[in-house]
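A, B, ... follow the sequence lines: proteins, then strands. Residue 1 opens every chain.
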There are 2 protein chains.
Amino acid sequence: MPTIKDVAKSAGVSPSTVSRVINNHPRISSETRKKVKESMKRIGYHPNIIARSLVKQKTNTLGLVMPYSTEEAFADPFYSEILRGIGSVAQDKEYSLLLITSNGEQEELEVTLKAVRSKRVDGLLILRAKSNDALLKELKELETPFVVVGRPEDEKNNFWVNNDNIESTKNLIEYLIGLGHKRIGVITGDSEYIVYKDRLEGYRRALYHNGIEYNPNYVIQTTGHHGLTTRYTKELLESYPKLTAIFAVDDLIAYGAILGIKELGLKVPDDISVVGFNNNPLSQLITPALTTVDINIFELGSTATKSLINIISEDPKEYYHEIVKTNIIVRDSCGGDKGEVDGNGE
Amino acid sequence: MPTIKDVAKSAGVSPSTVSRVINNHPRISSETRKKVKESMKRIGYHPNIIARSLVKQKTNTLGLVMPYSTEEAFADPFYSEILRGIGSVAQDKEYSLLLITSNGEQEELEVTLKAVRSKRVDGLLILRAKSNDALLKELKELETPFVVVGRPEDEKNNFWVNNDNIESTKNLIEYLIGLGHKRIGVITGDSEYIVYKDRLEGYRRALYHNGIEYNPNYVIQTTGHHGLTTRYTKELLESYPKLTAIFAVDDLIAYGAILGIKELGLKVPDDISVVGFNNNPLSQLITPALTTVDINIFELGSTATKSLINIISEDPKEYYHEIVKTNIIVRDSCGGDKGEVDGNGE
DNA sequence: GTGAAAGCGCTAACAA
DNA sequence: TTGTTAGCGCTTTCAC
C-alpha cells in the first residue's frame, strides 16, 4: 500500500505538501494540488486514518454504548432505528461508529472505559439512562465528551437528548380519561431505567390533574420477558376486574398484555382498552392496531449525535439538553369505558 | 495522559521493557514485570491503541456492513440480534466493532471501501447476500478478509455463513403439505436478496417432491413495506380463493399477510394457514401465534465472527462456509386443509 | 533480560 | 507557496 511518501516522490514534491493537499490547506498552488491529486490517483493512494489519528490525537470515532441486554430486550427495533439516526449524521459529519456491547453492568463499565482510555473514541453516545449510573460518574472523571439518550438522574450536569416522557404520558393517559376510563392498570418495566419512572410519573400526574386517586395496586412491574408480561396482566385483571384500561410503558409490553387479555376471554378494545408507547412499527399490524406514542427514535439518534459532535468540537461551557417531540398515534385499541356505568354496547 | 515513556521513567526501565510487559513478552524477569505493572497502575497508564495499531499494522477492528435500508427493513430485530451474536465473540477475542451504515448501494460501496483502504478495519462482516454484488468484487480485489452472512452468488469463492434456506423451506412447506395443503400462496421479498430466492426455491422443491404443480401466479413479490404486503395478500386471495395456505418468507411479511387475511373476513388458521420465517420474537405474541422457522440469528452472528477472526489470523488457503441449523417452530397459525374437499369444521 | 535506535504514516511548526 | 524537521505513542530489531 502506497504512503504519503510515495505520492510525494511520484509528484516530485515533499510529503508535507501532499499532506496539505489531503487536508485542503488553503495556501497551495492549484498547480501543485492538481499534480499531487493525479499522483494519488495514479498510484492508488488512500490516507491511513490510524496514522492521522495518532498525530492529531483525535480518532473521529464515536462510541455507541449499547445496553447490555437479554435476548428479548434486544428484539426491540428501537436499537436498529436509533442506529439509523446515529449513522445518518455520523456519515454526514465524517465520523465513524464504534459499537460497544457487553453482557452486564460490570463488563459494560470495563469495556467502555477501556475504549476511552485507550483513545479509541472521541466521545460516547450512551443509549439509555439508568438510576445510579456508575458509568456516567467514571466518564465524567475522565472528562470524555458524552451524551445520554434519555434523562440522566443528574440532569443539570449532563448533556442529554430525550422525549418528555412525563408530559407525553400524561397526555396519553388523559386521552384515556377523556374516553371515560378511570381505573387504568399499568404494566411497567424495570424501574432502574428512568424512562419507565418518568412514564409512571406521567400516569400519576394525569390521574392527579383529573381528580382520580392513584392506586399502587394497579401498577405491575414486569421484567421485559414477554411470557411474564402476559401472566402478570392476567393476574392484575383477575385481581382487579374493574380495570377498564391498561397502559403499557412500551409497545412490546402491550403485546404481551393484549395476549393476556385475550387469554382471559376478554376483548380489546370492547372490554379493555390498551395503550402502548414507542410506536413500534408492528403496532399497526397487530389486531387491534395499537394506540401508542410515537417517540421519533430516528430523531432521538440524530439529535444526540449532532450534539455529541458539537460537544467534541466546541467544548461548550454549559450543559444542555434537547427534547424530541412525541405524537399520540390513535388506532383501534381503545374504546370508551363501557363498564358498569353505562354498559351500552354498540 | 501518561505514555509508555512516563511508565518507563517511573519504573526506572526503558520504554521497550514496558512494551514487553504490556505484550506479555516471555523473556522478562518477574521482578521487572512487577515493578512496571505497579508503575502503570500508580500513574494510571493505559496503552494507546491507535499507536499500537500504527506500528503493528493491525487495528483489531471488524467492520460491520449493515444493509442500507428503509425504515421498515430496519425495524427487523434481526439486526439487533445478530449484533448480539457478533458482539459476544468480538468481545471475547478482543476485537472492536466498527459499524458501517449507508443510505444506498453507492454510498455503501464508497464508505466500505474507504474503511478498508484507510486501514480502519482488519476485515469485514457483510450482513446480507445480494445478487450481482459489486461490493464483494471490489473487496476481493483489495484482498480484504471478509465473510458474508448469507449465501453469496459465487459460493465457491467466498467465505460465508448461512442457514440452509432451501432445505429449511422445503421442510416447512412439506409440513404444510402434510397438513393437506396443496395450493399454497407465497409472499416473498426483493428477489435481489439471495435469501428470498433460496426460500422460493425450497418452496418449489417441496411442491415438486410431492407431485404438486408449481403455479407462478401464487407467488407475489412485495417490497418490505407492510401496507403493501397486506394489500398484495388480499389481492392474491381474491384472485385465487382456492388457496388454503400462505407462506411468507419472513415473519414480518407474515404479519402483514395475516392482517390482509383478517381484512377479507377470513380466519387464520381456520380458513387459511400461514407460516413465516425467522422466528421473530413477536411471532409468539400475535394471535394466532405464528408457525415459523427459527434460524438461530445469534449463532449466525457468532459463527460468522469466529470465522472472520480465524481468516484474519490464519489466512486459510481454501474458502469454506458454515451452515447454521434451523428448527421449525409449530404454533397456532396452521390447520389442516378444511377447504372444499372435506369441509368438516371442528 | 534489557536498552538504544529506528520507524509505522502522518501532521505541524518553523524556515526559507 | 513549499520543504525540512521533529514527533504523535508504540513495537521491534539488534546489540549487549
Side-chain angles (χ1 to χ4, degrees), chain A residues 1-40 43-61 94 96 114-122, chain B residues 1-40 43-61 94 96 114-122:
Chain A
M1 277 264 149
T3 74
I4 210 171
K5 281 187 185 171
D6 300 313
V7 180
K9 219 166 280 174
S10 143
V13 296
S14 75
S16 36
T17 299
V18 177
S19 172
R20 284 188 265 255
V21 171
I22 295 168
N23 293 282
N24 282 311
H25 188 103
R27 278 200 294 267
I28 216 140
S29 77
S30 57
E31 196 186 359
T32 343
R33 188 184 302 278
K34 193 172 154 234
K35 204 168 54 183
V36 170
K37 287 203 165 171
E38 274 167 7
S39 291
M40 297 198 306
I43 66 180
Y45 168 80
H46 295 273
N48 181 317
I49 287 204
I50 301 293
R52 176 186 294 167
S53 295
L54 181 59
V55 33
K56 288 209 172 175
Q57 301 283 63
K58 180 162 192 304
T59 58
N60 261 261
T61 301
E94 312 236 75
S96 297
K114 186 172 175 188
V116 172
R117 290 179 173 137
S118 64
K119 295 263 181 299
R120 289 227 51 162
V121 297
D122 294 337
Chain B
M1 276 263 149
T3 74
I4 210 171
K5 282 187 184 171
D6 301 313
V7 180
K9 221 166 278 175
S10 141
V13 297
S14 75
S16 32
T17 299
V18 178
S19 172
R20 283 188 264 256
V21 171
I22 295 169
N23 293 282
N24 284 313
H25 190 104
R27 278 201 294 267
I28 221 142
S29 78
S30 56
E31 196 186 358
T32 1
R33 189 183 301 277
K34 191 170 157 237
K35 204 168 53 180
V36 169
K37 286 205 167 171
E38 275 166 6
S39 291
M40 297 199 304
I43 66 179
Y45 169 79
H46 295 272
N48 182 317
I49 287 206
I50 301 293
R52 175 186 296 167
S53 295
L54 180 59
V55 33
K56 289 208 170 175
Q57 300 284 60
K58 179 160 192 302
T59 58
N60 261 259
T61 302
E94 313 238 75
S96 298
K114 186 172 176 187
V116 172
R117 290 179 173 139
S118 64
K119 295 263 183 294
R120 288 227 51 160
V121 297
D122 294 338

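Listed by residue number, B:Thr3, B:Ile4 are the residues of residues 2-9 of chain B with a heavy-atom contact under 4.0 Å to DNA chain D.
Here the CD atom belonging to B:Gln57 is positioned 7.5 Å from the NZ atom belonging to B:Lys119, to the nearest 0.5 angstrom. Here B:Arg52 contributes atom CZ and B:Ile22 contributes atom CD1; the two are 6.5 Å apart, rounded to the nearest 0.5 Å. To the nearest 0.5 Å, the span separating NZ on A:Lys35 from OG on A:Ser29 amounts to 7.0 Å.
In this structure, B:Ser53 contributes its side chain and B:Ile49 its backbone to a donor-acceptor pair below 3.5 Å.
The residue A:Arg27 sits close to a base: some heavy atom pair falls under 4.0 Å. At the heavy-atom level, A:Ser53 lies nowhere under 4.0 Å from the strands shown.
The separation between B:Asn24 atom CG and D:dT11 atom C1' is 15 Å, rounded to whole Å. Rounded to whole angstrom, the span from the CE atom of B:Met1 across to the P atom of D:dC8 amounts to 16 Å. A straight line from CD of B:Gln57 to P of D:dC10 spans 17 Å, rounded to a whole angstrom.
Along DNA chain C, read 5' to 3', the first and last nucleotides having any atom under 4.0 Å from a heavy atom of chain A are C:dG9 to C:dA13.
The phosphate of D:dT11 (OP1 or OP2) has a side-chain N or O of B:Asn23 nearer than 4.0 angstrom.
In terms of position along DNA chain C, the nucleotide closest to B:Pro26 lies nearer the 5' end than the nucleotide closest to the other residue of the pair B:Pro26 and A:Thr17.
When distances are taken from the side chain of A:Val55 to each of D:dT12, D:dT1, D:dC8, the shortest belongs to D:dC8.
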